[in-house]
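Right, one structure below, let's go through it.
As a basis for the values below, the full set of heavy atoms in this structure was taken, side chains included, without hydrogen atoms, waters or symmetry mates.
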Amino acid sequence: MKRLGLLFGCVLMAGGMNAQDNEVRLSEAHRSNFKHWSLGLNVGATASLGDAASYFFGEKTDAMPSGVGGFEIGLRGNLNYWFSPTIGLTGSAGYHSTSGTDFNYYFEGNYIDADLSLNFNLSNMFLYGKDYDRKHALLFSIGLGATSLEAEGYDEAGNFLASAGGPDRAFTTTIPLQLTYKRQLSQTWDLDILYKHTFAGIDGADAQSIAPTADFFGYFGVGAAYNFGSDDKESIVYYSPFEGVFADMTEIKQNYEKLVNDDDGDGVSNLFDEDNSTPADVNVGPNGAPLDVDGDGIPDYLDADPFTPKGAKVDNEGRMVDSDGDGVGDHMDQEPNTPKGALVNFKGISVASAASGGGGVGAYLPSVFFNFNSATVTDANYLRLAAIANTLKSNPNVKIVLTGYTDASGPEDYNKTLGQRRADEVKQELVQVFGISADRIETSSKGENDPLAKGHNNINRRVDVAVK
């Protein structure tokens, strides 16, 4: 039973894996992403091209009526459906008036026809080496149709000679050929410019038979087509699948070359490197850009003070702008003109000094930050030490407590000691460099306890200053 259960479980797992492997994923080329149906209407000029032709092709004497033998009016509508970007189907119907001339002969008439044609998108049958937002398309169609036509023939004196199909209208099959230029006006509307060449199934479409060949008509039209579907989709005739495939192949090739190369040698390939010219030995992030730990816009390798608070205004070297030197940056200093050495709160506002009995309540003095596993005060921190020293010199009765902190790296006992070393180092700088009396400064350490910013070790490695 255990073996049977195990076998059954394996079959279920295999079935699940096959189902997952056979999952269908739709690409951007899927037909559901495009419009397939359109309805068009156009108007234009019709030319007779049979035995009795429009006067551009036929013969006309001065005795014939002036309105005979020229281009006549035509009006057509069409319904289109595209199976793919290259193949489609069109149903077309229209009304055309006709006239034409021959030597000592002319005719007048009209025809109503309907046909079904197969469309070929010529624009998508060739490769141009371009992949862009196409707005044009060239279409060719060939089909089969039927027409009901009327034609009456006269001699040049206007005497009736014959009519197509006798006293009634003539019915015959047609073979239409059409060339269409489409221009996308919007996601919904297209401009259509077309020429349609229609071969009639009889030789008497012009009411006379001279040779055993069929008559035919030409039609030049201009119109508009409405594309059915969602406004965020475009007609499929403007999508070129071949260009898309070759563009993707070219991009893959280029990306492969970027993937295997690292021009600036920072360990991030060119494909993902947002700064491909970083100097040697500069620390970079996963995107290849130089690290900017404090986010002040100055890369760490150029930043004279990589520990400025978030949002602080900095100078060209990354130092926090603090106009009055109270340790509170201008970006959050609500009293940016406090006297030199005045005790201020975290908003830069003056508070009562210890000398006047205020005890420095709410007073703010800047923290001093350290590099990893280091107890050395960096040059950038001397601006902070200067703000602390100015405050102590301006308030001789004020005493402070320096508390050292570390990040959570390393053993707890070691971090406790490292925090104390940092506090002692800050005290030593204040005493030796700025001349502050040592008995006004106490030191302590909390090590890795009470981190100020979770996940930001550069902020946790610091010495805080508190007024007693």
Side-chain angles (χ1 to χ4, degrees), residues 34-50 53-54 56-57 70-100 109-126 134-149 172-201 205 214-229 234-240:
F34 302 95
K35 297 180 180 180
H36 297 262
W37 289 94
S38 67
L39 182 65
L41 183 67
N42 53 79
V43 63
T46 304
S48 300
L49 303 172
S54 296
F56 291 103
F57 310 98
F71 285 120
E72 302 287 348
I73 193 70
L75 179 66
R76 302 196 63 82
N78 54 80
L79 180 64
N80 312 280
Y81 179 77
W82 287 89
F83 302 102
S84 71
T86 55
I87 302 293
L89 200 62
T90 292
S92 173
Y95 170 85
H96 301 261
S97 59
T98 58
S99 68
N110 63 76
Y111 68 90
I112 301 172
D113 70 331
D115 56 64
L116 188 65
S117 299
L118 190 63
N119 287 332
F120 302 93
N121 191 344
L122 301 182
S123 301
N124 285 339
M125 292 186 174
F126 303 95
R134 180 176 292 164
K135 304 293 185 181
H136 309 268
L138 185 62
L139 316 177
F140 172 75
S141 64
I142 182 172
L144 183 65
T147 184
S148 168
L149 60 87
T172 183
T173 57
T174 59
I175 299 177
L177 302 177
Q178 182 170 312
L179 190 65
T180 304
Y181 167 79
K182 293 183 74 69
R183 174 66 166 86
Q184 186 184 54
L185 302 178
S186 68
Q187 297 290 79
T188 302
W189 290 98
D190 295 334
L191 170 68
D192 289 349
I193 301 175
L194 61 96
Y195 175 75
K196 189 180 186 75
H197 200 79
T198 303
F199 293 90
D215 291 328
F216 47 96
F217 301 96
Y219 168 70
F220 178 82
V222 177
Y226 177 83
N227 297 291
F228 296 95
E234 70 173 2
S235 173
I236 197 170
V237 299
Y238 300 112
Y239 176 73
S240 176

Between L89 and F83, is a side chain to side chain contact (heavy atoms under 4.5 Å, CB included) present by the stated rule, with each step listed? CA-CA 8 Å; L89 200 62; F83 302 102; 4.0 Å; yes

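- S235 OG to Q184 CD: the interatomic distance, rounded to the nearest 0.5 Å, is 7.5 Å.
- Judged by distance alone, with hydrogens and angles left aside, the side-chain atoms of D190 form no donor-acceptor pair with the main-chain N or O of A225 at under 3.5 Å.
- Looking at every heavy atom in both residues, F71 comes nearest to A45 through CB-CB, 3.9 Å.
- Note that the OG atom of S141 and the CG atom of L116 stand 10.5 Å from one another [nearest 0.5 Å].
- S123 contributes a side-chain N or O that, together with a main-chain N or O of L138, makes up a donor-acceptor pair within less than 3.5 Å.
- In terms of heavy atoms, A137 sits closest to V237 at CB-O, 4.0 Å.
- Judged purely by atom type and a 3.5 angstrom limit, H36 has no side-chain atom pairing as donor or acceptor with the backbone of Y81.
- Judged purely by distance below 3.5 Å, without hydrogens or angles, the side chains of N119 and N121 never pair a donor atom with an acceptor atom.
- Between Y226 and F228, the gap from one ring centroid to the other is short of 6.0 Å.
- Look at D113 and K196 and you find no salt bridge, because none of the NZ, NE, NH1 or NH2 atoms lies under 4.0 Å from a carboxylate O.
- Put simply, the side chain of N227 never gets that close to the backbone of S38: no donor and acceptor are under 3.5 Å apart.
- Note on ring orientation: taking the six-membered ring where Trp is involved, the planes of H197 and Y195 are tilted (angle from 30° to 60°).
- A donor-acceptor pair under 3.5 Å links the side-chain atoms of S48 to the main chain of S99, judged by distance alone.
- S186 contributes atom OG, which lies 9.0 Å from atom NZ of K135 (distance to the nearest 0.5 angstrom).
- Using a 4.5 Å cut-off on side-chain heavy atoms (C-beta onward), T90 and L118 make no contact.
- The two residues P176 and L144 make their nearest non-hydrogen contact at CD-N, 3.7 Å.
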Is there a side chain to side chain contact (heavy atoms under 4.5 Å, CB included) between T174 and F199 once you walk through the steps? CA-CA 5 Å; T174 59; F199 293 90; over 6 Å; no

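- Using a 3.5 Å distance cut-off with no hydrogens or angles, the side chains of N124 and T86 do not pair a donor with an acceptor.
- Nearest heavy-atom pair, A205 versus A200, reported as atom, atom and distance to 0.1 Å: CB-CB, 4.4 Å.
- Ring planes of H96 and Y111: parallel class, angle under 30° (limits at 30 and 60°).
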What's the verdict on side chain to side chain contact (heavy atoms under 4.5 Å, CB included) for R134 and S240, showing C-alpha distance, side-chain angles and the deciding distance? CA-CA 8 Å; R134 180 176 292 164; S240 176; 3.4 Å; yes

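- One finds the CD1 atom of I236 at 11.5 Å from the CD1 atom of I87 (value rounded to the nearest 0.5 Å).
- A donor atom on one side chain and an acceptor atom on the other are found under 3.5 Å apart for N42 and Y219.
- For the residue pair D192 and T180, no side-chain donor N or O sits within less than 3.5 Å of a side-chain acceptor on the partner.
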For L179 and L122: C-alpha separation, side-chain torsions, deciding distance, then whether side chain to side chain contact (heavy atoms under 4.5 Å, CB included) applies. CA-CA 10 Å; L179 190 65; L122 301 182; 4.2 Å; yes

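- Put simply, CG on D215 and CG on L49 are 9.5 Å apart, with the number rounded to the nearest 0.5 Å.
- The shortest distance between side-chain heavy atoms of E234 and K35 does not fall below 4.5 Å.
- Under a 3.5 Å cut-off, the side chain of T147 and the backbone N or O of T172 do not form any donor-acceptor pair.
- Distance CD1/I73 to CG/L75: 7.5 Å, rounded to 0.5 Å.
- Between N110 and Y95, the closest side-chain pair of non-hydrogen atoms falls below 4.5 Å.
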